[in-house]
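Just below is one structure, and these are the notes that go with it.
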Protein chains: 2
Amino acid sequence: MATPRRVGAETSETRALLLDRAEELMLEEGYAAVTYRGLASRAGVTGGLVQYYFPVLDDLFVALLQRRSERNIERLQAALELRPDEPLRIVWEFSSDETSAALLTEFIALANHRKTIRAAILDVIKRTRSAQLQVLKQRWDEYPAMDGLSPEALLFLLHGIPKMVLLEEAVGMSSGHRDVLRFVEERLDTLEPRRKPARRP
Amino acid sequence: MATPRRVGAETSETRALLLDRAEELMLEEGYAAVTYRGLASRAGVTGGLVQYYFPVLDDLFVALLQRRSERNIERLQAALELRPDEPLRIVWEFSSDETSAALLTEFIALANHRKTIRAAILDVIKRTRSAQLQVLKQRWDEYPAMDGLSPEALLFLLHGIPKMVLLEEAVGMSSGHRDVLRFVEERLDTLEPRRKPARRP
DNA sequence: GTCTATACGGCGATAGAC
DNA sequence: GTCTATCGCCGTATAGAC
């Protein structure tokens, strides 16, 4: 067997800095721009040092994905505590976040044929969906009949529609987007009436 | 300006062979496996020859995308001629095709930060959607009220939901999929009644 | 624990010979 | 129409200095 490779501590400030810069780089230029040499020069360190913290490049991507995911779930739960009476709208708004969608798209692209990243992204999606589902089910009886739509199916739509809209917009497509968003939001207004008056068109 | 680079004819059989092998390679191992050297060895030629037909690798991807798209639109229109009374279900089934979805995912991933591919994919999506929309609008008056859903919005959903399902399944996620597919299909049965009896659960 | 230096083979792309 | 040589960048591995 090989000599155990030395790896930097997870508590290192340098490591955190590298993750920050890597996330920027990924958003600005895509995952293909996240290279040892490119990230190193952006962070003002050597390529070898980046490798010291992330021996394989996928290690960096997985760490990035998990850090993002933890922050997102915290953000979600903070919103749910603040507005416990409108979980549907919170899920809807949460899935409409552009930065997260852009990063998720990058990761899905990466995951396509790299199994360590696929496993990481599956874990992240499952955890997020599960946190949302828990809240949804809790108030499920208070909603009127859903025409046979299960909580899981509704959650899929509340998550999937904004994501698909953002995915299409990333390539410049926009047909039907405005209409479908308005369609869903009208139904949300029925299910979770707003206190404030609706904005004028 | 640079010297005009020599490029192989589009009618070349070698070129067609390379596109066939490239599509296989892309489906089996992802776009990252489509390299000059890799494709060359799979097709039994040299890397230089692949470059003769596709000077930049993106040229190959764009050619692949366009060839697929033309075949898909032909397939779509053949189905519409065969079953002119159920355009909604045809769009729905068309968007549920796994091979096309897998390739589209690869291309969307590629398009993320490569503008020539983004332009090509936008063109392809617009052409496909436009062909579908034309048929939908033609029979729009025959459908009952859609609760304010425009043809464009309905088309977005009929296309987007199966695509999102396939996208999630590609990473191993499946929560709510069965429910949401059944939900939509029940509505399709109402809008476009089947002649044959429905299958038993 | 942190970090540097160096080497290897594969990659896209170019220029030009047969 | 086909193929070779070459360039600079990539991920990765290793050896060793502080």
Side-chain angles (χ1 to χ4, degrees), chain A residues 1-22 25-26 29-64 106-107 109-117, chain B residues 1-19 21-22 25-26 29-64 106 109-117:
Chain A
M1 287 300 171
T3 311
R5 175 89 160 267
R6 296 202 296 163
V7 178
E10 290 201 6
T11 54
S12 158
E13 287 179 21
T14 306
R15 198 186 117 110
L17 172 80
L18 291 175
L19 286 176
D20 289 340
R21 293 293 169 275
L25 204 50
M26 201 161 178
E29 305 181 42
Y31 69 82
V34 182
T35 67
Y36 283 121
R37 292 160 177 88
L39 174 55
S41 87
R42 190 188 183 100
V45 301
T46 64
L49 185 56
V50 180
Q51 238 181 315
Y52 168 61
Y53 288 103
F54 308 100
V56 172
L57 206 53
D58 280 5
D59 296 338
L60 190 158
F61 288 121
V62 169
L64 213 48
E106 294 291 327
F107 281 117
L110 261 171
N112 243 13
H113 292 273
R114 286 159 82 161
K115 62 174 188 294
T116 73
I117 293 188
Chain B
M1 287 302 174
T3 310
R5 174 91 160 267
R6 292 200 299 160
V7 179
E10 290 201 8
T11 54
S12 157
E13 286 179 20
T14 306
R15 198 187 117 112
L17 171 81
L18 291 175
L19 286 176
R21 294 293 168 276
L25 204 51
M26 200 160 179
E29 305 181 43
Y31 69 82
V34 182
T35 67
Y36 284 121
R37 292 160 176 88
L39 175 54
S41 88
R42 191 187 184 101
V45 300
T46 64
L49 186 56
V50 180
Q51 268 181 301
Y52 168 63
Y53 288 103
F54 308 101
V56 173
L57 207 54
D58 281 4
D59 297 337
L60 190 157
F61 289 120
V62 169
L64 215 49
E106 294 291 327
L110 261 171
N112 243 14
H113 291 274
R114 287 159 83 161
K115 61 176 190 293
T116 72
I117 292 187

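Chain letters run A, B, ... following the sequence lines, proteins first, then strands; residues in each count from 1. Atoms considered below: every heavy atom in the structure, side chains included; atoms not considered: hydrogens, waters and symmetry mates.
Residues B:E106 and B:F61 are not in side-chain contact: their nearest non-hydrogen atoms beyond the backbone lie 4.5 Å or more apart. Considering only heavy atoms from C-beta on, B:V56 stays 4.5 Å or farther from B:T116 through its side chain. Using a 4.5 Å cut-off on side-chain heavy atoms (C-beta onward), B:F54 and B:L19 make contact. The side-chain heavy atoms of B:V34 and B:L64, taken from C-beta on, include no pair separated by under 4.5 Å.
Heavy atoms of A:V50 sit nowhere under 4.0 angstrom from any nucleic acid atom.
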Annotated protein contacts, base or backbone, on nucleotides 1-8 of chain D with a non-hydrogen cut-off under 4.0 Å, one of B, S, - each: BBBB----
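A donor-acceptor contact shorter than 3.5 Å is absent between the side chain of B:Y53 and the backbone of B:L60.
In this model, the phosphate group of C:dT14 is approached by a side-chain N or O of B:R5 to a distance below 4.0 Å at OP1 or OP2. The phosphate of C:dA13 has OP1 or OP2 within less than 4.0 Å of a side-chain N or O from B:Y36.
Here the shortest heavy-atom pairing between A:Q51 and A:R5 reads NE2-NH2, 3.8 Å. Of all heavy-atom pairs between A:G47 and A:A40, the closest is N-CB, 3.5 Å.
Every salt bridge (Lys or Arg N to Asp or Glu O under 4.0 Å) that A:R114 has, sequence neighbours left out, goes to A:D58.
Annotation: proximity of residues 54-61 of chain A to DNA chain D (heavy atom, distance under 4.0 Å) is found for A:V56, A:L57, numbered in ascending order.
Residue B:L39 contributes atom CG, which lies 14 Å from atom C1' of C:dC11 at whole-angstrom precision.
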